[in-house]
Amino acid sequence: MENKNEAITRQEDDFAQWYTDVCRKAELMDYSSVKGFIIYRPYGYAIWEEIQKYLDQRFKAIGTENVYMPLVIPESLFNKEKEHVEGFAPETLIATIGGKNELDDRLIIRPTSEVLFSEHYSKIIKSYRDLPKIYNQWCSVVRWEKTTRPFLRGSEFLWQEGHVMFASAEEARKNVLDILEIYNDLGRDVLAIPFVKGRKTDKEKFAGAKETYSIEALMPDGKALQSGTTHYFGTDFAKAFNVVYQDKDGSLKSPHQGSWGVSTRLLGSIIMVHGDDNGLVLPPFVAPIQVVIIPIQMAKEGVMKKCHEIYKIVKKLNLRVKMDDSDHTPGWKYAEYEMKGIPLRIELGPRDIEKDQVVIAKRNTGEKIFVKIHDLEEKIPELLKSISEEMYERAFKYLLDHTTEVKSMDELNKALEKGGYAKMMWCGEEACENKIKELTTATARCLPFNQTAFSDVCPVCGKKATKVVLFAKAY
RNA sequence: CGGGAUGUAGCGUAGCUUGGUAUCGCGUCUGCUUUGGGAGCAGAAGGCCGCAGGUUCAAAUCCUGUCAUCCCGACCA
């Protein structure tokens, strides 16, 4: 029987409310008493930990070392890089009192750590032998946001920030593109999210960066969500912070710098891309619980015993498994674990025991299948893999269906109305970019790496267009 | 930060116009019966009505401020 109080808002009724409902009912987070600062509850934090595991291992495989930098940056230091400061100044949180005294040099709670890394690098990089430096830190940062939403935009969020120094521009650029590829792999293989890889326009790039690259995900409400970025800085930052090394030939040079990061915003992507009206749908490889076992008629002879056997079989596969032997009814448990997005549910009762089988329900499709117990060992890993692929395919199809090539302002408007990306040829002028934003509120998400031209006229100004650009409304 | 809406038990709510010690459902706890899609019966606990001031003999209700959440803009990962 439908229990209205347990249900969440339907997506089609109010997508934003659905999102918030899922965040709370799936116990991913809770609000704290300070605006924009959320509590990452165990279930939500565990997803982040899985993301961390994957990325940390990939980062280290290409020579990255983890470090930890201070939480605070003296204002005087922060102000060294002009363009960067202008980008962040409006959203910094500043500590002004230490103990009982006003601070002479106020302390900025890091909104990002470019300047701390740069300052440190100026001390430890002296010779070409000290390069490259590929450092990363896992931490939280604070940005005083005006409007906040769980995971999507918080005043504090968790992330990793890589800050790298190389002797040459080529190496630095290669590093930030390699990392972008790792982010993309994370999406494809782990999160089941198809990202669009591309370069940001000058207008949209990071404060102080020469080049900014991003991975963009498309949400079911038609809005794009930037899910990760990498930046190439050139030598400007290094120069501002006096990072100088002596090269083999004895000359003094500035290294080429890059940075890259993904944040807990990825959880927002996961929730929206895959979720449905029954709640969360987690990609199998980040699900904190991958398989849940529900005993049916627990009091009946042999049921619990058989459930424990199944538990052991799944555990042995190195999977994250939970058995729920609480006294809730099976129906309650089904709904509960659907809300939590657990990829596979195993139901086991007297009827199954007779047939030496279990019932397996797939969260992503709702499909129920019967599997003989002796086949479980082989079948479960297969199912998890195919679920991940099905989820990716579904999201990819949505992405394709909502990427529309447009050749006129009229088509652009229609494409944005439908939701998703309006793909157009662009002359490269910021004026045209601004005009689209003014008329539609959509922004240039990126110049996708796939630059297959399909016209040579900019629909805004009518001049010659050479670049493929994706416009969309964004989070 | 501008415009709009909303805050009453863990969740969802009634009451507010016309001030007088807070309603109902779900959840929680106990017991028994149950268990293949959010179980049934019986009993119980749980609230300084978001917070802070003010008006009043008396404030959930009226006034001011503030905080939070949601929506629409501007800004940003």
Side-chain angles (χ1 to χ4, degrees), chain A residues 1-9 14-21 23-25 27 30-38 86-92 111-112 140-161 183 200 204-207 212 214-217 224-231 259-269 278-279 294-300 303 324-339 345-353 358-359 361 366 368 370 437-438 441 443 445 473-475:
Chain A
M1 193 181 287
E2 176 82 6
N3 182 335
K4 289 199 175 84
N5 291 306
E6 293 294 328
I8 52 174
T9 306
D14 184 344
F15 187 75
Q17 190 59 50
W18 167 86
Y19 176 79
T20 312
D21 287 352
C23 287
R24 303 196 68 179
K25 294 250 166 121
E27 299 182 337
D30 197 7
Y31 294 107
S32 78
S33 47
V34 185
K35 174 183 161 65
F37 291 77
I38 60 166
E86 281 167 4
F88 278 101
E91 49 179 73
T92 52
T112 177
S140 74
V141 289
V142 171
R143 299 180 186 178
W144 207 248
E145 295 289 348
K146 286 157 186 166
T147 57
T148 60
R149 297 189 65 193
F151 305 123
L152 299 174
R153 169 155 299 109
S155 297
E156 180 187 22
F157 55 90
L158 309 182
W159 77 348
Q160 56 73 213
E161 49 178 330
Y183 291 160
K200 287 285 183 186
E204 298 289 332
K205 75 184 181 190
F206 183 68
T212 290
S214 77
I215 46 167
E216 303 280 331
L225 182 67
Q226 180 174 316
S227 303
T229 51
T230 73
H231 315 285
S259 78
W260 28 269
V262 294
S263 72
T264 38
R265 179 179 253 196
L266 284 171
L267 299 188
S269 278
N278 291 325
I294 313 287
I296 310 293
Q297 297 191 44
M298 290 185 288
K300 288 270 167 66
V303 169
D324 187 346
D325 57 1
S326 69
D327 61 1
H328 288 293
T329 62
W332 186 91
K333 292 175 187 175
Y334 299 166
E336 173 69 9
Y337 296 111
E338 277 163 14
M339 180 64 68
R345 179 180 76 230
I346 296 180
E347 306 167 15
L348 195 153
R351 297 212 298 259
D352 304 303
I353 292 175
V358 297
V359 178
K368 283 194 179 188
F370 300 93
K437 184 168 185 182
E438 207 175 291
T441 76
T443 50
R445 300 322 303 156
K473 293 182 183 174
Y475 271 90

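Numbered from 1 within each chain, the chains take letters A, B, ... in sequence-line order. All heavy atoms count here, side chains included; hydrogens, waters and symmetry mates do not.
For A:Lys368 against B:G37, a side-chain-to-base donor-acceptor contact under 3.5 Å is present. If you check distances only, the side chain of A:Glu338 does reach the base of B:G37 with a donor-acceptor pair under 3.5 Å. The base of B:G37 sits with one of its N or O atoms less than 3.5 Å from a complementary donor or acceptor on the side chain of A:Arg345.
Residue A:Leu152 is classed as a base contact, given a heavy-atom separation below 4.0 Å to a base. When heavy atoms are screened at a 4.0 angstrom cut-off, A:Gly154 is found touching base atoms of the nucleic acid. Looking at heavy-atom distances under 4.0 Å, A:Asp352 makes contact with a base. At the heavy-atom level, A:Arg149 lies under 4.0 Å from the strands shown only through sugar-phosphate atoms. Contact annotation for A:Val359: base contact, defined as any heavy-atom pair under 4.0 Å involving a base atom. Within the nucleic acid shown, A:Pro295 has no heavy atom closer than 4.0 Å to any nucleic acid atom. Base engagement by A:Ser263 is indicated by at least one non-hydrogen atom pair under 4.0 Å involving a base atom. Contact annotation for A:Gln226: backbone-only contact, meaning every heavy-atom pair under 4.0 Å involves sugar-phosphate atoms and none involves a base.
Residue A:His328 has its side chain nearest to B:U28 when only B:U28, B:C70, B:C76 are considered. In this structure, the nucleotide among B:G37, B:C70, B:A77 sitting nearest to the side chain of A:Arg265 is B:A77. Of the candidates B:C76, B:U35, B:C71, the closest approach to any side-chain atom of A:Glu145 belongs to B:C76. Checking B:U69, B:C11, B:A77 against the side-chain heavy atoms of A:Thr148 singles out B:U69 as nearest. Of the candidate nucleotides B:C11, B:A39, B:G36, B:G36 has the atom lying nearest to any side-chain atom of A:Gln297. When each of B:A77, B:C76, B:U35 is scored by its nearest atom to the side-chain atoms of A:Glu91, the top-ranked nucleotide is B:C76. Checking B:C70, B:A77, B:G36 against the side-chain heavy atoms of A:Pro150 singles out B:C70 as nearest.
Note that OG1 of A:Thr212 is 8.5 Å distant from CD of A:Gln226, once rounded to the nearest 0.5 Å. For the atom pair CZ of A:Phe157 and CZ of A:Phe37, the computed distance is 11.0 Å after rounding to the nearest 0.5 Å. The OG1 atom of A:Thr92 sits 10.5 Å away from the CH2 atom of A:Trp144 when rounded to the nearest 0.5 Å. Rounded to the nearest 0.5 Å, atoms CD (A:Glu336) and CD (A:Glu27) are 6.5 Å apart. Here A:Phe151 contributes atom CZ and A:Thr20 contributes atom OG1; the two are 11.0 Å apart, rounded to the nearest 0.5 Å.
In terms of phosphate contacts, A:Lys437 brings no side-chain nitrogen or oxygen within less than 4.0 Å of OP1 or OP2 of B:G73. For the pair A:Thr329 and B:U35, the criterion of a side-chain N or O lying under 4.0 Å from OP1 or OP2 is not met.
A residue-by-residue look at A:Arg24 and A:Thr264 shows that A:Arg24 has its nearest nucleotide of RNA chain B further toward the 5' end. Comparing A:Ala16 and A:Lys200 by the nucleotide of RNA chain B whose heavy atom lies nearest to each, the residue mapping closer to the 5' end is A:Ala16.
Of all nucleotides present, none satisfies the Watson-Crick or G-U wobble test against B:U56 with each distance under 3.5 Å. Under the Watson-Crick or G-U wobble criterion, with both distances below 3.5 Å, B:G12 is paired with B:C24. Pair check for B:U6 finds B:A68; Watson-Crick or G-U wobble, both atom distances under 3.5 Å. Applying the Watson-Crick and G-U wobble criteria (two distances, each under 3.5 Å), B:A77 pairs with nothing in any strand. The partner of B:C29 is B:G43, judged by Watson-Crick or G-U wobble contacts that both fall below 3.5 Å. For B:G19, there is no paired base (Watson-Crick or G-U wobble, both distances below 3.5 Å). Nucleotide B:C49 has no partner under the Watson-Crick or G-U criteria, as no pair reaches both atom distances under 3.5 Å.
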Pair A:Glu156, A:Arg143 - check side-chain contact (heavy atoms from CB on, under 4.5 Å), show working. CA-CA 6 Å; A:Glu156 180 187 22; A:Arg143 299 180 186 178; over 6 Å; no
Just do the side-chain contact (heavy atoms from CB on, under 4.5 Å) check on A:Arg345 and A:Lys333 with the steps written out, would you? CA-CA 10 Å; A:Arg345 179 180 76 230; A:Lys333 292 175 187 175; over 6 Å; no
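B:C51 sits 12 Å from B:G10 when the P atoms are compared, rounded to a whole Å. The separation of B:U13 from B:G7, taken at their C1' atoms, amounts to 12 Å, rounded to a whole angstrom. Between the P atoms of B:G50 and B:A60, the separation comes to 10 Å (whole Å). Comparing the C1' positions of B:G15 and B:G20 gives a spacing of 14 Å, expressed to the nearest Å. B:C75 and B:A59 have their P atoms separated by 47 Å, given to the nearest Å. When the C1' atom is used for both B:A5 and B:G43, the distance is 41 Å, rounded to whole Å. For the C1' atoms, the distance linking B:G4 with B:A77 amounts to 27 Å, nearest Å. The same atom, C1', is picked in B:G19 and in B:C62; the two are 8 Å apart, to the nearest Å.
Under the 3.5 Å distance criterion, the side-chain polar atoms of A:Ser214 are left unmatched by any main-chain donor or acceptor of A:Glu216.
Atoms NZ (A:Lys146) and P (B:C67) sit 15 Å apart, rounded to a whole Å. In this structure, CG of A:Asp30 is placed 12 Å from C1' of B:U69, rounded to the nearest angstrom.
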